[in-house]
Amino acid sequence: MNEHSKGGAPVKRAGAARPSGAKSLPDASRGSRDLWLDAACEMLLQQGVASVMILPLSKRLNLSRTSFYWFFADREELLDALIERWRDRNTGAVCRQMEAYAESAGEGVLNLFDCWLDPRLFDTKFEFAVRSWALQSDAVAAEIKAADNQRLEAITAMLTRFGYAPVEADVRARTIYLTQIGYITMQTEETLDVRMKRIPTYVEIFTGRVAEKRELDRFYGRHRYKPEI
């Protein structure tokens, strides 16, 4: 049993110890840390955490199993790195968007919606995979709980900046965030056109205020969407 299948948060490990004789391998023969991590992420998304094993990864990359140990001490360090990538990418995106310029709370919510529409900001498939992983691991479940709290705090702070009372900001933040988590965990699919048509109403429901046309225009422009006139 490891830290990903028992209670407690994943433990940071020391850098990987390079295998004896590995220095004689040219760089192309062992890949790179990101290459191994990218492959592990793809396997996690496609088949779940149980599929993320060293030998299948080496076969997938057509690299020797020994090459893996240039970059990771063991499988557990690789799993730690997957969690770190998810945390930095998805939680980081929410926090950054909540600190971005906004003319109003409505535009702040639109900034958050950028995450749900742009996979370069927030990877919803990665989010689903990690949340599924958490069902098998107390440690990953703890990471999910910490991430949810951090994201909710960021959304609440944005709403508070625009004058909402603390309790109201908290409830609105939960309504905004938990709605999207429902989209992800239920794997709800909508066309871009359907989602965009619903967004002004979502903003009004979430903030109690109608989004300004100029704010919506900036949002639509970022996503190259032209609403029907």
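Keep in mind that the numbers below use all heavy atoms, side chains included, and drop hydrogens, waters and symmetry copies.
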Is any side-chain heavy atom of [X] less than 4.5 Å from a side-chain heavy atom of [Y]?
| X | Y | result |
| --- | --- | --- |
| Val203 | Pro200 | no |
| Cys95 | Gln150 | yes |
| Leu159 | Ile176 | yes |
| Leu117 | Leu192 | yes |
| Trp36 | Ser58 | yes |
| Glu77 | Asp74 | yes |
| Phe126 | Cys41 | yes |
| Val171 | Thr175 | yes |

Is [Y] paired with [X] through a side-chain N to carboxylate O contact shorter than 4.0 Å?
| X | Y | result |
| --- | --- | --- |
| Asp148 | Arg131 | yes |
| Lys145 | Asp138 | no |
| Glu127 | Arg151 | yes |

Heavy-atom pair of closest approach, residues [X] and [Y]:
| X | Y | result |
| --- | --- | --- |
| Asn111 | Gln97 | O-NE2, 2.7 Å |
| Phe71 | Gly31 | CZ-O, 3.6 Å |
| Ala39 | Leu61 | CB-CD2, 3.8 Å |
| Ala40 | Leu57 | N-CD2, 3.5 Å |
| Ala105 | Arg209 | CB-NH1, 4.4 Å |
| Trp133 | Leu82 | CZ3-CB, 4.3 Å |

Students often mix this up, so state it plainly: with edges at 30° and 60°, are the rings of Trp116 and Tyr177 parallel, tilted or perpendicular? tilted
Excluding sequence neighbours, so at least two apart, what forms ring-ring contact (aromatic ring centres under 6.0 Å, His included) with Tyr225? Tyr220
Distance from [X] atom [atom1] to [Y] atom [atom2], nearest 0.5 Å?
| X | Y | atom1 | atom2 | value |
| --- | --- | --- | --- | --- |
| Met98 | Leu152 | CE | CG | 11.5 Å |
| Arg120 | Asp114 | CZ | CG | 10.0 Å |
| Arg65 | Lys59 | CZ | NZ | 10.0 Å |
| Arg174 | Thr156 | CZ | OG1 | 7.0 Å |
| Met196 | Lys226 | CE | NZ | 13.5 Å |
| Leu37 | Arg85 | CG | CZ | 4.0 Å |

Under the salt bridge (charged side-chain N to carboxylate O under 4.0 Å, His left out) test, residues paired with Arg198 that sit two or more places apart: Glu190
Start with the C-alpha distance between Phe72 and Arg33, add both sets of side-chain angles, then the distance that settles side chain to side chain contact (heavy atoms under 4.5 Å, CB included), and finish with yes or no. CA-CA 8 Å; Phe72 302 96; Arg33 189 178 191 277; 3.6 Å; yes
Apply side chain to side chain contact (heavy atoms under 4.5 Å, CB included) to residues Leu35 and Leu63 and explain how you reach the verdict. CA-CA 11 Å; Leu35 185 67; Leu63 296 170; 4.0 Å; yes
Spell out, as yes or no, whether a donor-acceptor pair under 3.5 Å connects the side chain of Glu215 to the backbone of Ala211.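 Checking the backbone N and O of Ala211 against the side chain of Glu215, no donor-acceptor pair under 3.5 Å is found.
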Is it possible for you to check whether Arg195 lies under 6.0 Å from the centre of the six-membered ring of Phe219, through NZ or CZ, and within 45° of that ring's axis? no
In sequence, state the C-alpha distance, the side-chain angles, and the governing distance for Glu212 and Ser104, and then conclude on side chain to side chain donor-acceptor pair (under 3.5 Å). CA-CA 9 Å; Glu212 297 288 345; Ser104 67; over 6 Å; no
Side chain to side chain contact (heavy atoms under 4.5 Å, CB included) assessment of Ile184 paired with Phe122: CA-CA 12 Å; Ile184 293 169; Phe122 186 103; 3.9 Å; yes
Taking distance alone, no hydrogens or angles, what donor-acceptor pairs closer than 3.5 Å link side-chain atoms of residues 46-53 to residues at least two apart or in another chain?
from, atom 1, to, atom 2, distance (Å)
Gln46, OE1, Arg60, NH2, 3.2
Ser51, OG, Met43, O, 3.2
Ser51, OG, Gly48, O, 2.7

Test side chain to side chain contact (heavy atoms under 4.5 Å, CB included) applied to Tyr164 and Thr207, step by step: CA-CA 9 Å; Tyr164 293 89; Thr207 66; 3.4 Å; yes
